[in-house]
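As the structure is a prediction and not an experimental result, all values here were calculated from the model. Each ligand, and each atom within it, is numbered from 1 in the order the structure gives. For this chain, numbers begin at 1 and follow the sequence in order. Both backbone and side-chain heavy atoms feed into the values below; hydrogens, waters and symmetry mates do not.
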Amino acid sequence: GQQGDYTSILLSSPAPGVTQITLNRPKALNALNSTLFHELNAALRNLSSDESIGAVVLTGSDKAFAAGADIKEMKDKQFAEVYKGDFLAHWTELSSFRKPIIAAVSGYALGGGCELAMMCDIILASPTAVFGQPEINLGVIPGAGGTQRLTHAIGKSRAMELVLTGRNFSAQDASDWGLVSRVVSEGSVVDEAVKVAGKIAGKGKLAVQAAKEGVNSAYELSLAQGLHLERRLFHQLFATNDQKIGMTAFAEKKKAEWTHS
Ligand code: CAA
């Protein structure tokens, strides 16, 4: 079945077209070690080629989305080893996943846990969520996007304060600053994320993929380049059946039956 031989993640199917990945190292507050990340990457690779899946929810436990990179695993590593092996490079695989992935965050999302959430497309937060980039307290700095994605999301002054002091911040702060799309009621963050994922999974997959590519390009390109890419993606969708299906269904007051082609 879907679960495969994974030990550090759990896979489930909470709604049609949706896979839920639950980080599952409860004793270590889901600290992100290399086994967990290799399993996560393998699961995402399988989901990429699974035509039946339209969106993914990534979550942890009530206590911790993830308390960061596994400090015990990395504490004795030497420069030559991490540099030659490009330590953490494999973490970036998630950011090239082409289907929407929604982080449902309860409890601690610290260091690599905050960075992992930020690699997702949408973050929903429980009121219990605690975010932070505490790496400065360990004698290092964020190594998987914390200085970059956090700065893009909340601005330089706030990102600087958080990265330089290592202090945590609340779900409400994360929401006020635009890091998360919203704070939901306690105990409902996974259900809410599944609802959003289910809604997305009901859309035409080609348009969804193009939409994700377009929004993500806003972080990579100049405005002129981004607008150009957006218009070309928009034009390209006129080569799909789903564009004809969607617009015809509107004109005929019917429900679109997407063919994802
Ligand atoms: N790595 C390894 N183990 C971790 C861990 C981590 N990041 N976070 C928690 N654990 C382990 C603890 O060592 C403890 O294990 P034992 O029971 O074997 O002692 C277990 O999880 C439970 O943790 P605590 O007893 O500490 O639980 P708590 O409720 O008292 O505190 C916490 C919770 C505040 C989150 C605390 O665990 C903590 O500060 N964790 C570390 C947070 C951190 O510094 N994260 C950044 C990591 S560096 C990084 O992520 C680099 C990067 O950019 C990629």
Short side-chain donor-acceptor distance under 3.5 Å, Thr240 and Gln243: no
Closest non-hydrogen atom pair, Lys99 against Lys212: O-NZ, 3.0 Å
Mind telling me whether Phe238 and Phe234 have parallel, tilted or perpendicular rings, with 30° and 60° as the class edges? perpendicular
Any Lys/Arg nitrogen of Arg158 or Asp173 sitting under 4.0 Å from an Asp/Glu carboxylate oxygen of the other? no
Would you indicate whether Lys199, at its atom NZ, is surrounded by more than 12 heavy atoms from other residues, nucleotides or ligands within a distance under 6.0 Å? no
Extract all N/O-N/O pairs under 3.5 Å that connect ligand 1 to the protein, and present each with both atom names and the distance rounded to 0.1 Å.
from     : atom 1 : to     : atom 2 : distance (Å)
ligand 1 : 1 (N)  : Ala69  : O      : 3.4
ligand 1 : 1 (N)  : Ile71  : N      : 2.9
ligand 1 : 7 (N)  : Ala67  : O      : 3.1
ligand 1 : 7 (N)  : Ala69  : O      : 2.9
ligand 1 : 13 (O) : Lys72  : NZ     : 2.9
ligand 1 : 15 (O) : Lys72  : NZ     : 3.2
ligand 1 : 18 (O) : Lys72  : NZ     : 3.3
ligand 1 : 21 (O) : Lys27  : O      : 3.3
ligand 1 : 29 (O) : Lys63  : NZ     : 2.8
ligand 1 : 45 (N) : Ala67  : O      : 2.9
ligand 1 : 50 (O) : Ala69  : N      : 2.9
ligand 1 : 50 (O) : Gly112 : N      : 2.7
ligand 1 : 53 (O) : Glu115 : OE1    : 2.8
ligand 1 : 53 (O) : Glu135 : OE2    : 2.6
ligand 1 : 53 (O) : Gly143 : N      : 2.9

Please examine the side chains of Ile200 and Ile102, heavy atoms only from C-beta on, and report whether any two atoms are closer than 4.5 Å. yes
